[in-house]
Trainee: 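Dropping a structure here in structure tokens format, bear with me for questions.
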Amino acid sequence: MNKIILDCDPGMDDSLAIIMAAKSKDLDLLAVTAVNGNYPVDITTKNALKTLELIGRTDIPVARGMAKPLFRSAPKDPFTHGADGQAEMNLPEPVTQADPRHAADLIIDLVRKYPHEVTLVCTAPMSNIAMAFMKDPGIIPLVREVIAISGMFGFSEYAFANATGDTPLSEWNVYVDPEAARMVYHSGVKLTAIGLDAATHFDTDFSANDLEAFRTSELSEAKFLSNAISFSHGRGFEAYCAVIDGVAVAYAIDRSVVDTVEGHVDIEIKDGLTLGMTVMDRRHHFVWKQLPVIAVGYHTDSSKFLGIVKKLVLE
Ligand code: BDR
Ligand code: CA
């Protein structure tokens, strides 16, 4: 079982990612760390606790992390995940408490406890991970790898048309805290960025039978997903909005879910039109070799991905 920490900002698709990570027999979910992103950190922490209570996994610690980006104020998510941040599922208030440690400290403690074993799956702005790396840079070579929902790299026209950040060429998680993302991209950690090219795909959709199976299942996690998909549809968005962050967890389970390519990448941190843009140098000549090399997701095997989601919410 691969040890992971899920760093997230639930968010309906982050909540699905928590459910998938907690239920997967291939993953050992050591902790969930919450950060400011889709909602303020008090709400994302509470939603992480609610989600784990929903599936009876209160043994997994949840830690509250950064309340704002490293150097900027927190923008408001233009795509609302509903009044409660969970597609208005209105789950009961949690009875469990967050771990007393700051998320960055919990990340440091767990990476030091299990050197070279822990994968950080990040489905949110990278403020917690950057803070952990700044507080204790010695953990960077001890992290097995980082898998993140992060950026968009020009592989898909569809991704550009559905960009989630506030600037035209940015993805939300990078846009919210571009300095944190840039720090992690430059840290030397093994990083796979699964951006909108791979995570917002028009063929990531469920059949009518699947939707009926979620709706009628006895399992609360299936009902949660059913509600999140209906919520997205009701707001004029496609079903993929309810499952974006699940792609990172599915990739942690099965590397054949997302095709990746290595390349030189950097992030625009100057204010203005292109703030938060992730730029991959894909030229044959004159490549900027000084930029960090990371793996970038460019295609998701949707049927494989949806198969993993279905198995994890219905069984
Ligand atoms: C990201 O933005 C958030 O709203 C989602 O949870 C996902 O992590 C996609 O850009
Ligand atoms: Ca998220």
Side-chain angles (χ1 to χ4, degrees), residues 5-21 32-41 43-45 47-48 51 65-66 69 74-82 84-87 89 103 120-129 146-153 155-156 158-178 180-181 184 192-201 204 224-225 228-229 231-232 235 237-252 258 267 275-278 296-297 300 305 309:
I5 298 171
L6 180 55
D7 186 54
C8 57
D9 60 341
M12 60 181 168
D13 56 332
D14 301 81
S15 302
L16 175 76
I18 294 172
I19 290 166
M20 291 171 65
V32 176
T33 49
V35 68
N36 161 73
N38 291 318
Y39 287 81
V41 70
I43 295 180
T44 61
T45 306
N47 286 347
T51 308
M66 298 285 287
K76 195 170 174 324
D77 186 353
F79 172 84
T80 172
H81 294 238
D84 63 348
Q86 293 187 305
M89 190 71 187
L120 305 177
V121 177
C122 179
T123 61
M126 287 179 160
S127 325
N128 283 345
I129 297 181
V146 176
I147 298 171
I149 297 294
S150 182
M152 61 175 182
F153 301 90
F155 291 100
S156 154
Y158 191 81
F160 279 125
N162 293 280
T164 49
D166 285 346
T167 51
L169 297 174
S170 68
E171 181 277 326
W172 174 253
N173 294 336
V174 175
Y175 170 77
V176 171
D177 198 345
V184 174
T192 301
I194 301 173
L196 300 181
D197 309 282
T200 58
H201 227 257
T204 297
F224 184 92
L225 179 57
I229 293 170
F231 178 85
S232 300
R235 302 219 158 182
F237 291 93
E238 291 173 51
Y240 75 77
C241 293
V243 299
I244 293 174
D245 289 341
V247 178
V249 175
Y251 180 74
V258 181
I267 295 173
L275 176 65
M277 181 179 183
T278 40
V296 168
T300 296
F305 167 59
V309 173

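Atoms within a ligand are numbered from 1 in the order they appear, just like the ligands themselves. Note that these values count all heavy atoms, side chains included, but never hydrogens, waters or copies made by symmetry.
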Trainee: If you look at every heavy atom in Ala34 and Ala103, which pair is closest and at what distance?
Mentor: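 Shortest heavy-atom separation between Ala34 and Ala103 comes out as O-CB, 4.3 Å.
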Trainee: May I ask you to check whether Thr200 and Asn162 show a side-chain donor-acceptor distance below 3.5 Å?
Mentor: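 Side-chain D/A pair, Thr200 to Asn162: absent.
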Trainee: Nearest N/O/S atom of Asp245 with respect to the Ca ion (ligand 2), by atom name, please.
Mentor: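 Sorting the N, O and S atoms of Asp245 by distance to the Ca ion (ligand 2) puts OD2 first.
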Trainee: Can you tell me if Asp14 has an N, O or S atom under 3.0 Å away from the Ca ion (ligand 2)?
Mentor: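 Yes, since at least one N, O or S atom of Asp14 sits under 3.0 Å from the Ca ion (ligand 2).
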Trainee: Please give me the minimum heavy-atom distance between Ala199 and Ile149, naming the atom from each residue.
Mentor: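 Heavy atoms only, the tightest pair is CB-CD1, 4.3 Å.
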Trainee: Are side-chain N/O atoms of Asp9 and Asn36 paired as donor and acceptor at under 3.5 Å?
Mentor: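 The criterion, which ignores hydrogens and geometry beyond distance, is not satisfied for Asn36 and Asp9.
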Trainee: Counting only N and O atoms by type, is there a donor-acceptor contact under 3.5 Å from the side chain of Asn128 to the main-chain atoms of Met66?
Mentor: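 Yes, because the side chain of Asn128 sits within donor-acceptor range (under 3.5 Å) of the backbone of Met66.
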Trainee: Among the N/O/S atoms of Asp9, which is closest to the Ca ion (ligand 2)? Give the atom name.
Mentor: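 It is OD1, the N, O or S atom of Asp9 closest to the Ca ion (ligand 2).
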Trainee: Looking at Met126, is its backbone amide N or carbonyl O close enough to the side chain of Asp177 to form a donor-acceptor pair, meaning the two atoms are under 3.5 Å apart?
Mentor: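 Answer holds: no.
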Trainee: Taking both backbone and side chain into account, is any N, O or S atom of Asn173 nearer than 3.0 Å to the Ca ion (ligand 2)?
Mentor: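 No.
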Trainee: Tabulated below should be the N or O atoms of ligand 1 paired with protein N or O atoms at under 3.5 Å; can you produce that?
Mentor:
from, atom 1, to, atom 2, distance (Å)
ligand 1, 4 (O), Asn38, OD1, 2.7
ligand 1, 4 (O), His81, NE2, 3.1
ligand 1, 6 (O), Asp13, OD1, 2.7
ligand 1, 6 (O), Asp13, OD2, 3.0
ligand 1, 6 (O), Asp14, OD1, 3.0
ligand 1, 6 (O), Asn38, ND2, 3.2
ligand 1, 6 (O), Asp245, OD2, 3.0
ligand 1, 8 (O), Thr123, O, 3.1
ligand 1, 8 (O), Asn173, ND2, 3.1
ligand 1, 8 (O), Asp245, OD1, 2.6
ligand 1, 8 (O), Asp245, OD2, 3.1
ligand 1, 10 (O), Thr164, OG1, 2.7
ligand 1, 10 (O), Glu171, OE2, 2.5

Trainee: Can you name the nearest heavy-atom pair linking Ala159 to Met152, along with the distance?
Mentor: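 Taking every non-hydrogen atom into account, O-SD, 3.7 Å.
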Trainee: In terms of side-chain heavy atoms, does Asn173 have a donor or acceptor partner in Ser150 at a distance below 3.5 Å?
Mentor: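 Asn173 vs Ser150: no donor-acceptor pair found between side chains.
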